[in-house]
Amino acid sequence: MDTMSLLMQGFAVALTPESIMFAVIGAILGTLIGALPGLGPANGVAILIPLAFSLGLSPTSSLILLTSVYAGAMYGGRISSILLNIPGDEPAMMTCLDGYPMAVKGKAAEALAISAIASFIGSFIATIGLVILAPILAKFALKFGPSEYFALFALAFATLGGITGKNQFKTLMAAAIGLMIATVGIDISTGVQRFTYNTLELFEGIDFIIAIVGLFAISELLFFLERHAGDGLKQVAINKLKLSPKDIVKVLPASFRGAVLGFVAGVLPGAGASLGSFISYTLEKRTSDKGEFGKGDPRGVAAPEAGNNGAASGALVPMLTLGVPGSGTTAVLLAMLISLNISPGPMLFQQNADLVWGVIAAMFVGNLVLLLLNIPMVGIFVKLLSIPPKYLMPVVTLIASVGIYSVSHSALDLYFMVGFGVLGYIFRKVDIPLVPIILGMLLGPEMEKSLRHALVLSDGDWTVLFNSGLSIGLWTVAILGLVLPIIIGPIVRAKMKRSKDTVKDS
């Protein structure tokens, strides 16, 4: 069956009343979460995963809800960037450069509308790219054996820090911690207990959903309380929208260019939305007429917004086809799939075609819902920024705690969640990234299984890991992914730091 027929079947799933309802709910929740400075899409998805389990949602409904939250949070991140000059998350940082100056000039409504339109274009084009590229990559991945999969997992860990990562050593150390946690429990191959200390609750290992909620949601609560006092945040007033068709046409080329660049950045290992947003803005500034970039140029809002939303959808390509997440949020979505006993990878498009194509079709629907919601309802969304954190964050924590407890009914899981939250807070204090820990927990068991399988087939010969052109190619890319950030990374980070300083000074 060809791709278009499968996509039409996906729309049959996505356009049911239940799917549309979850897409709308996810879009609204995601936008609200994205509007809060610091929370971001990864935290939003992490908070709502236990809730999806406790409500007993089907795999398709759960993924439609969470992917809509993901897309909505990417949209919502620009609200605080434009009105407060505070990025909702790191990819939204570049939006501050021209979004906030537009708001200061009394064009906040125009900036928010342009960012919504650019976000829609970025997500829409990247989803088309996902439809085209994912089946091709999935067919290619069917050639992978255990040796190639082990090399692929090594590639995932080698490129975790990406070009924009601050410290490759800390990234690899965090991945090692995740791999260590993944070994807790009973070894499936030998039946030997590993690091269980005869504690019954540890026989099945540590649930990565608990780790995700603790590391992301609980640590963010601690950081949020540390950063902000009890008062709400003061924002620029929103004017009446005065956006003409000519203004929209002016930003369309920047939006399309940013969408393509963002999608490529999302698909590439270790790149992500931050780099997609940065290169989209930088290229637009250099190739366009000088204009008023940095002083409130609408193209300076459209390009990074299209770039970071394009990268967000692009990051789903390696997650769905190879089982290797392309971003922190897709790592959380990967955990959701694994918890549902669905194995992402090349067989996903054959064994769970209805689910994967239903979710892809729902992304088209969700993006349209977001566009229709964001322009008329943006005034409602921004009111959330005035709610004092001392009232808001306890509600977020309560949702996460109730969700975790409702899944397992175990008080010990709540203690684990709090423990991971404190650990995440400490790690973030010393600039140890959290995503590699989660990725280590998620990919560790499969990586170990692939290694053992390869060695069994080769009768213990380690050279089997390098005996095919495909595995050698993957190892080569892994080495480049480890070395290039050390060489190129400081240059890119320096440029991004100058942009960030511009945001702070403006």
Side-chain angles (χ1 to χ4, degrees), residues 31-32 34-37 72-123 233-259 262 273 277-278 280-282 284-285 288 290-310 370-386 499-500 502-506:
T31 304
L32 293 174
L36 293 171
M74 297 303 294
Y75 271 68
R78 95 270 189 215
I79 294 176
S80 57
S81 299
I82 292 170
L83 299 182
L84 301 171
N85 204 26
I86 301 174
D89 54 6
E90 190 177 350
M93 182 184 72
M94 303 306 294
T95 307
C96 295
L97 293 177
D98 286 279
Y100 186 70
M102 283 186 71
V104 171
K105 291 179 180 179
K107 296 182 178 181
E110 286 81 354
L112 290 167
I114 287 171
S115 66
I117 293 168
S119 296
F120 171 78
I121 292 173
S123 296
L233 299 169
K234 294 182 180 180
Q235 54 197 274
V236 176
I238 300 180
N239 59 297
K240 187 177 180 180
L241 180 61
K242 298 177 183 177
L243 193 66
S244 66
K246 183 179 178 181
D247 295 327
I248 297 175
V249 170
K250 184 179 178 181
V251 300
L252 287 181
S255 300
F256 283 110
R257 284 190 289 265
S277 175
F278 173 73
S280 298
Y281 181 87
T282 303
E284 194 61 34
K285 185 177 179 181
S288 303
K290 193 167 184 181
E292 292 186 337
F293 281 91
K295 299 178 182 179
D297 193 307
R299 293 169 298 180
V301 176
E305 281 301 304
N308 67 44
N309 281 273
L370 279 164
L371 181 65
L372 296 176
L373 285 176
N374 268 258
I375 294 179
M377 294 181 62
V378 71
I380 298 173
F381 290 136
V382 299
K383 287 187 182 299
L384 187 71
L385 298 176
S386 62
S499 299
K500 194 172 184 179
T502 303
V503 170
K504 291 180 179 178
D505 295 339
S506 58

Q: Please name the pair of heavy atoms, one in Asn308 and one in Ser277, separated by the smallest distance, quoted to 0.1 Å.
A: CB-CB, 3.9 Å
(Q) Could you walk me through whether Leu370 and Thr31 satisfy the side-chain contact (heavy atoms from CB on, under 4.5 Å) test, starting with their C-alpha distance in whole Å, then the side-chain angles of each, then the deciding distance to 0.1 Å, before giving a yes or no? (A) CA-CA 8 Å; Leu370 279 164; Thr31 304; 3.5 Å; yes
Q) Side chains of Thr95 and Tyr281: does their closest heavy-atom pair fall under 4.5 Å? A) no
(Q) To the nearest 0.5 Å, what is the distance between CG on Leu112 and CD1 on Ile79? (A) 6.5 Å
**Q.** Nearest heavy-atom neighbours spanning Ala254 and Ala302
**A.** CB-CB, 4.5 Å
**Q.** Shortest non-hydrogen contact between Ala111 and Gly99, atoms and distance
**A.** CB-O, 4.2 Å
Q. Taking all atoms of both residues into account, what is the closest heavy-atom pair of Ser255 and Ala118, and its distance?
A. OG-CB, 3.6 Å
Q. What is the distance from atom CD1 of Ile114 to atom CD of Glu305, rounded to the nearest 0.5 Å?
A. 11.0 Å
(Q) Rounded to the nearest 0.5 Å, what separates atom NZ in Lys105 from atom CG in Asp98? (A) 8.5 Å
**Q.** Derivation and outcome, side-chain contact (heavy atoms from CB on, under 4.5 Å), residues Val251 and Val301
**A.** CA-CA 9 Å; Val251 300; Val301 176; over 6 Å; no
Q: Would you please name every residue forming a side-chain hydrogen bond (donor to acceptor under 3.5 Å, both in side chains) with Lys250, sequence neighbours left out?
A: none
Q) Is a side-chain N or O of Asn309 found less than 3.5 angstrom from the main chain of Ser123, in a donor-acceptor match? A) no
Q | For Phe120 against Tyr75, the heavy-atom pair lying closest together | A | CA-OH, 2.9 Å
**Q.** Validation row: Leu252, Ile121 side chains within 4.5 angstrom (heavy atoms)
**A.** yes
Q. Excluding sequence neighbours, so at least two apart, what forms side-chain hydrogen bond (donor to acceptor under 3.5 Å, both in side chains) with Ser115?
A. Arg78
Q. Under a 4.5 Å cut-off applied to non-hydrogen side-chain atoms, are Met102 and Pro298 in contact?
A. yes
Q) Which atom names give the shortest non-hydrogen contact between Pro101 and Cys96, and what distance separates them? A) CD-O, 3.4 Å
